[in-house]
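Take a look at the structure set out below.
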Amino acid sequence: MLASLFTFRGGVKPASHKDESSHIPISPAPLPDLLVVPLRQSAGGAPQARVQAGQRVAKGERIGAADGEFSSAIHASTSGTVLAVEPRPLPHPSGLSAPCAVIEPDGEERWGERVPVDYASESPEALRGRLRDAGIVGLGGAAFPSHVKLRPGAAGRIETLIINGAECEPWITCDDLLMRERAEGVSRGIAVLRHIASASRVLIGIEDNKPQAIVAMRAATARMADVEVVPVPTLYPTGGEKQLIRVLTGTEMPFGRYGAEYGVQCFNVATAYSVHRAIDLGEPMLSRIVTLTGNVARPGNHEVLIGTPIDELLKLAGPKPDTDRYIMGGPMTGISLPRVDLPVIKATNCIIAANAALFPQQGPEMPCIRCGACTRACPAELQPHELYWFSRARNFVKAAEYGIFDCIECGCCAFVCPSNIRLVDYYRFSKSSIRAQEREKAAADAARQRFEFRTLREEREKAEKAARLAAKTAAGRRAVEGAGARPAAAEAATSLPPLDDEKRALIAGAVARAQAHKEGSPVEPTPPQAPVQG
Ligand code: SF4
Ligand code: SF4
């Protein structure tokens, strides 16, 4: 049955600039002199280093173990010697550093153990574990651990698998080339993903401006039952996960919910290809296809080892002298790199050399004229100008109320804004401020709970101590009074609680010893007793 298409509101049509790099076949990037492999390259916990300086490593050897279920392993991209495990700057706008394994390649490309498996004979749980240990994360940009996305929802399975080949952002062509050249591998990865998800159908969404990729994927999946390649309209951001799910299934996904809860999950085509290599060949994620384009002499797509320095890679493309900055990712959602001696990471799909002609400087920000263009362009059906006002006023409560976390940071609103307002920057500021406030609140709550627990414990210990003391005192008094054959009526009149057998035995022993001592005859010592609890 042919899938019917749904639409989403908004979206924009920027110039595609795909032709610059889409006509040249993928070629391998050369082995660099040094690889800098960040230990944390995905959402979730930071893998713990399993190597140290001076250690020799094999290609594909695990150098960082997944830290818990919500994390993904890291591997040596080639064989060589670990020179250091130390903080190095990462490709992030902040330029912040994080622990990396610095590897000097030996040029031998000496593989460690590779264990291919027959996916059909493995349980979904075992396969999810293999994907975690192979470091498989989403290659569409989010780098979310794939094994986590493959957890079954409440229904115990994911009914529909969406494979994202839309690649809607301008300039980027790595997925297009991958589908054209390696469609067979992508389809094998889809088969593994489908097996894990127990999905009854697979929809592969590809924008209709990639006819060769559509033909190649149709040929590769022709013999797979209930797998359909669906050309989708070329409209940015159709390739956004939520938007593609909406276009192909009509399902709306609210912020913070897993697709599996709605019986649908989405994986990028490059992720599917990595799944094929991990399961069918036993190769962890060591490389990815990266588009080099923009103001360069030789645009193209290269298979690049994770950890390759971007400045080394750029030599392949030959940036022109008037290049004034580099963008990692596309022009709509990418980041301006603070420097280029940074490593390629799993999320690096494209490097664009920018100059003033290709990317003219945006004019100065002007006041919002409430024209509503941003609202009409927003695919998340938000009111971007309201979010802007709340963010500007630091009214984060209101910003959250107006759904700022549903914003996918696609940049459509800023693209159409006649006032040149850097709207996405405001939203990022609001989101990070809200998250920081939540972290502070969580830390304060945890500290308060610790304090309250400690106070309670101290009070309880104090009460127990007082009770023990009272019991001891009472026992001693009764012992003395008992020795004087206190009348039963007098004993009943006391306010102390009645004695149990153990206390009576203790007191009787003490009385006997006192009596014996008085009479001058030794008695057998009483064995040590546990403290009498009051
Ligand atoms: S497009 Fe710009 S000027 Fe128009 S309403 Fe939105 S933020 Fe204001
Ligand atoms: S960046 Fe956010 S607010 Fe702006 S159009 Fe995209 S989803 Fe809407």
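Both counts, for ligands and for their atoms, begin at 1 and track the order of listing. Residue indices begin at 1 and follow the sequence shown.
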Is the distance between the ring centroids of Phe70 and Phe144 under 6.0 Å?
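Between Phe70 and Phe144, which both carry aromatic rings, the centre distance is below 6.0 Å.
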Give a yes or no on whether the ring-centroid distance for Phe359 and Trp171 is below 6.0 angstrom.
yes
Could Lys149 and Phe267 be counted as a cation-pi pair, given that NZ or CZ must be under 6.0 Å from the ring centre and within 45° of the axis?
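Judged by the rule, Lys149 and Phe267 form a cation-pi pair.
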Ionic contact status for [Y] with [X], cut-off 4.0 Å:
| X | Y | value |
| --- | --- | --- |
| Glu20 | Lys18 | no |
| Arg246 | Glu252 | yes |
| Glu69 | Arg132 | yes |
| Lys210 | Glu207 | yes |
| Asp341 | Arg339 | yes |
| Glu184 | Arg182 | no |

Within the structure, is a non-hydrogen atom of Gly372 found at a distance of less than 4.0 Å from ligand 1?
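It does; at least one heavy atom falls under 4.0 Å.
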For ligand 1, is there an atom lying under 4.0 Å from some heavy atom of Ile369?
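Checking ligand 1 against Ile369, which is what was asked, there is a heavy-atom contact under 4.0 Å.
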Quick check on contacts: which atoms of ligand 1 are under 4.0 angstrom from a heavy atom of Arg370?
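It comes down to these atoms of ligand 1: 5 (S), 8 (Fe).
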Go through ligand 1 atom by atom and flag the ones less than 4.0 Å from a non-hydrogen atom of Pro418.
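Going through ligand 1 atom by atom, the ones under 4.0 Å from Pro418 are 1 (S).
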Residue, atom name and distance, where the atom is the protein heavy atom closest to [atom]:
| atom | answer |
| --- | --- |
| atom 7 (S) of ligand 2 | Ile408 N, 3.5 Å |
| atom 4 (Fe) of ligand 1 | Cys371 SG, 2.3 Å |
| atom 8 (Fe) of ligand 1 | Cys368 SG, 2.3 Å |
| atom 3 (S) of ligand 2 | Tyr427 CE1, 3.6 Å |
| atom 6 (Fe) of ligand 1 | Cys374 SG, 2.4 Å |

N/O/S atom of Cys407 under 2.8 Å from atom 2 (Fe) of ligand 2, yes or no?
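Yes, since at least one N, O or S atom of Cys407 sits under 2.8 Å from atom 2 (Fe) of ligand 2.
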Cys412 near atom 8 (Fe) of ligand 2 via N/O/S, less than 2.8 Å
no
Look at ligand 2 and say whether [X] reaches it with a heavy atom at a distance under 4.0 Å.
| X | result |
| --- | --- |
| Gly411 | yes |
| Leu423 | no |
| Pro379 | yes |

Answer yes or no as to whether an N/O/S atom of Cys417 is found below 2.8 Å from atom 4 (Fe) of ligand 1.
no
I'd like to check Ser22 versus Arg180 (side-chain heavy atoms, cut-off strictly below 4.5 Å). Are they in contact?
yes
